[in-house]
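A short write-up of the structure that comes next.
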Number of protein chains: 2
Amino acid sequence: MISSLELARLCHVSQGTVDRALHNRAGISARTRERILRVATEHGYQANPMATEMMQGKSIIVGGLVHNLNSVFFMDLFHTISQQLIAMGLRLHVCSYDTPQTCEQLVGDFAARKSAGLILVPPIDQPISISAPILKSLPVISLIHSPGIEGLHCVHPDEVQTGFDATVGLIERGHRQILMLDYPSYSPAILQRAQGYEQAMRKHCLHTVHMVKSDTQTLLDTIKSNNITAVFCHNDWLALEAIRQLNSQGIKVPDDMSVLGVDDSPTFTSLCDQVTTMHYPADDIAKHVCAIFKDKPPKRGIKPCTWVNRQSVRSI
Amino acid sequence: MISSLELARLCHVSQGTVDRALHNRAGISARTRERILRVATEHGYQANPMATEMMQGKSIIVGGLVHNLNSVFFMDLFHTISQQLIAMGLRLHVCSYDTPQTCEQLVGDFAARKSAGLILVPPIDQPISISAPILKSLPVISLIHSPGIEGLHCVHPDEVQTGFDATVGLIERGHRQILMLDYPSYSPAILQRAQGYEQAMRKHCLHTVHMVKSDTQTLLDTIKSNNITAVFCHNDWLALEAIRQLNSQGIKVPDDMSVLGVDDSPTFTSLCDQVTTMHYPADDIAKHVCAIFKDKPPKRGIKPCTWVNRQSVRSI
DNA sequence: TTGTAGGCGTTATCAG
DNA sequence: CTGATAACGCCTACAA
């Protein structure tokens with residue numbers, strides 16, 4: 001943990017010469033360079049990135065902000081993004097927050113550090129505000145639909161289409177009584193998927209049945225009184241929970257009931273690879289995020305979620 | 001995103017005076033202070049923490065390193081730790097890694113930035129090496145048992161005891177044929193819980209049956225051929241998976257089979273609050289981690305995991 | 001009460 | 001080829 005100045009003194013040269021050696025720059029004799037590099041590795045020299053970043057007025061750190069309870073799905077997404085950012089020489093540092101206030105504070109913190117950018121999963125139910133100077137000074141990206149903030153880049157698939165395509169997929173497989181199951185929240189992503197479901201059902205002149213996560217009995221009652229044959233769940237976790245609830249009452253999936261989720265994230269599939277789902281285009285999202293950091297406006301929209309056949313939906 | 005020097009110029013004073021105003025230090029007239037503070041807020045001035053940190057040779061950032069697939073449980077733990085670190089004026093920045101090499105590189109990166117410390121979830125199956133100078137220059141903590149690295153602080157409950165207590169809990173509830181279900185891995189945490197299970201079973205002269213996560217049929221075969229009445233799972237996710245597998249074959253939990261997990265992390269219980277489990281002492285772990293950062297060696301060990309009654313285990 | 005100087009570790013530029 | 005100097009933004013110490 002030696003500094004470049006100390007390294008220079010150890011080699012009886014100036015800091016400038018050390019710099020030339022370390023960065024393979026011209027204007028230094030091979031002999032001097034080798035000597036310096038040898039001493040550098042001997043002492044395990046590593047440049048302090050903070051000093052470099054302060055010089056250049058720009059950090060290579062990208063802040064990732066996520067609400068603690070949202071972390072399951074988004075950590076996978078963050079990991080995919082992180083990989084691609086590393087390839088660009090950037091580093092993703094993820095912080096979790098409790099309240100919108102904490103979130104805003106962390107945004108300010110990263111901005112003050114002259115971060116390369118920010119990737120947010122904003123709080124649901126309660127919007128945050130980001131000051132105009134911050135939005136101007138670094139790219140700020142939201143991974144979910146966040147209307148009302150000028151200059152915020154939103155990177156996510158068309159969630160209305162996700163709901164629509166999912167529902168159409170079930171209809172094409174012969175289902176007519178389809179239940180939509182999601183969470184009690186005003187999160188845009190949730191509302192929009194439900195909207196897509198309703199559009200698809202209406203287009204096929206079918207009756208919509210909508211409910212939020214609930215106890216086993218409520219689920220059963222809703223299913224029975226509507227002759228439901230398929231449940232479209234907001235995400236895979238909810239689908240798994242529904243499957244568990246159904247199974248606990250002797251209803252087999254997919255024999256007696258089809259269940260469809262959304263996400264297909266690696267962590268979930270590593271825990272359970274049985275749920276038929278709409279694959280969330282994480283790679284494409286990462287690409288778009290990187291494009292924004294490269295200041296190259298993406299030429300096309302985000303790919304839609306796509307149907308993945310597993311074992312929890314059957315055709316009837 | 002104005003600097004303190006620019007702020008000084010705007011107020012027609014020196015940087016020193018600005019500093020006195022911002023830090024409520026003595027030696028400044030109330031009038032000047034107010035004027036400076038007004039201009040500061042007008043321009044949304046925020047000190048660049050990097051500059052401060054470089055001055056002091058110490059950053060307030062604590063690095064959190066976790067393997068991408070481990071993230072589900074550890075993100076909750078990181079969040080708890082993060083809360084307490086914030087109370088100490090520190091910030092936890094979590095990075096995910098793929099390979100041990102990436103992990104080591106990130107360790108070097110945080111060390112070069114003069115981080116306040118590092119909290120690792122090291123790779124399983126393959127140990128990493130951390131250079132002695134790094135271990136000397138900042139506190140490095142592992143959240144799982146990581147033998148063989150001198151100077152590394154390991155902060156986790158006694159996992160042998162976890163396995164032991166879990167098994168004894170099942171035995172006390174009348175179970176005799178108990179299956180241990182975990183993952184195919186040499187991770188110390190996994191091995192130690194299995195060890196505790198075996199110790200408890202031997203102590204009660206019971207026959208041990210051990211299997212790793214597998215397909216439904218294999219699970220069923222193992223259960224039938226050993227007259228199993230309870231399954232002790234390495235964690236709640238695995239417990240949920242087992243419950244799903246059992247339910248899908250008409251075996252009801254806990255009526256026909258008891259299932260016990262470990263973790264009781266908020267994210268899991270928010271998705272499913274039915275699994276009887278061994279509560280992982282996240283708060284106590286966070287306390288010990290903070291004690292290390294305060295350089296106050298913790299006076300006692302980590303609290304053990306404790307039984308939490310839910311709905312997946314019954315007495316027979 | 002206020003201004004000035006120096007240093008943290010790096011890099012870019014200019015002079016030798 | 002190499003050394004000296006300034007700059008990034010902040011803070012402490014000392015001088016006026």
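Every chain is numbered from 1 and lettered A, B, ... according to where its sequence line falls, protein lines coming before strand lines.
- With hydrogens and angles ignored, the 3.5 Å screen pairs a side-chain donor or acceptor of A:Glu53 with a backbone N or O of A:Ile60.
- Checked by atom type and distance alone, the side chain of B:Lys58 pairs as donor or acceptor with a backbone atom of B:Ser115 at under 3.5 Å.
- The line from CG of A:Leu65 to CD1 of A:Ile141 is 12.5 Å long, rounded to the nearest 0.5 Å.
- Map A:Ile2 and B:Arg35 each onto its nearest nucleotide of DNA chain C; the residue landing nearer the 5' end is B:Arg35.
- For A:Thr17, counting side-chain heavy atoms from C-beta on, the closest listed nucleotide (C:dA12, C:dT2, D:dG3) is D:dG3.
- Look at B:Tyr45 and you won't find any side-chain N or O under 4.0 angstrom from OP1 or OP2 of D:dG9.
- Distance check: B:Leu118 CG to B:Cys95 SG gives 9.5 Å after rounding to the nearest 0.5 Å.
- Contacts of A:Arg113 with the nucleic acid, taken as non-hydrogen atoms under 4.0 Å apart, are absent.
- For A:Phe110 and B:His93, the gap between ring centers is short of 6.0 Å.
- The shortest distance between side-chain heavy atoms of A:Ser137 and B:Met1 falls below 4.5 Å.
- In this model, a side-chain donor or acceptor of A:Arg20 finds a partner on the base of D:dG3 within 3.5 Å.
- Put simply, B:Ser4 has no side-chain N or O that comes within less than 4.0 Å of OP1 or OP2 on D:dG9.
- Note on the helix from C:dT1-D:dA16 to C:dG16-D:dC1: angle between the axes of the first and last five pairs equals 60°, rounded to 10 degrees.
- Between A:Met54 atom CE and C:dA12 atom P there is a gap of 15 Å when expressed in whole angstrom units.
- Across all strands shown, A:Gly27 has heavy atoms under 4.0 Å from base atoms, whether or not it also approaches the sugar-phosphate.
- The side chain of B:Val13 sits closest to C:dG3 out of C:dT10, C:dG3, D:dG9.
- Both B:Arg33 and A:Asn48 sit near DNA chain C, but only B:Arg33 has its closest nucleotide nearer the 5' end.
- Rounding to whole angstrom units, CE of residue B:Met1 and C1' of D:dG9 are separated by 14 Å.
- For the atom pair B:Ile149 CD1 and B:Ile130 CD1, the distance stands at 4.5 Å (nearest 0.5 Å).
- Across the protein-nucleic acid pair, B:Glu53 atom CD and C:dG9 atom P stand 14 Å apart, rounded to whole Å.
- A:Leu7 places its CG atom 16 Å from the C1' atom of D:dT2, with the value rounded to the nearest Å.
- One atom, CD of A:Gln15, and another, P of C:dT11, lie 10 Å apart when rounded to the nearest Å.
- Whole-Å rounding puts the A:His12 NE2 to D:dT2 C1' distance at 16 Å.
- Following rounding to the nearest Å, B:Leu5 (CG) and C:dT4 (P) show an atom-to-atom distance of 11 Å.
- Atom pair A:Met55:CE and D:dA7:P shows a separation of 11 Å (rounding to whole Å applied).
- Among A:Leu85, A:Val66, A:Val155, the one residue that satisfies the side-chain contact (heavy atoms from CB on, under 4.5 Å) test with A:Ile119 is A:Leu85.
- For C:dT11, one of the phosphate oxygens OP1 or OP2 lies less than 4.0 angstrom from a side-chain nitrogen or oxygen of A:Thr52.
- Phosphate proximity of C:dT1 to B:Thr32: absent, as no side-chain N or O sits under 4.0 Å from OP1 or OP2.
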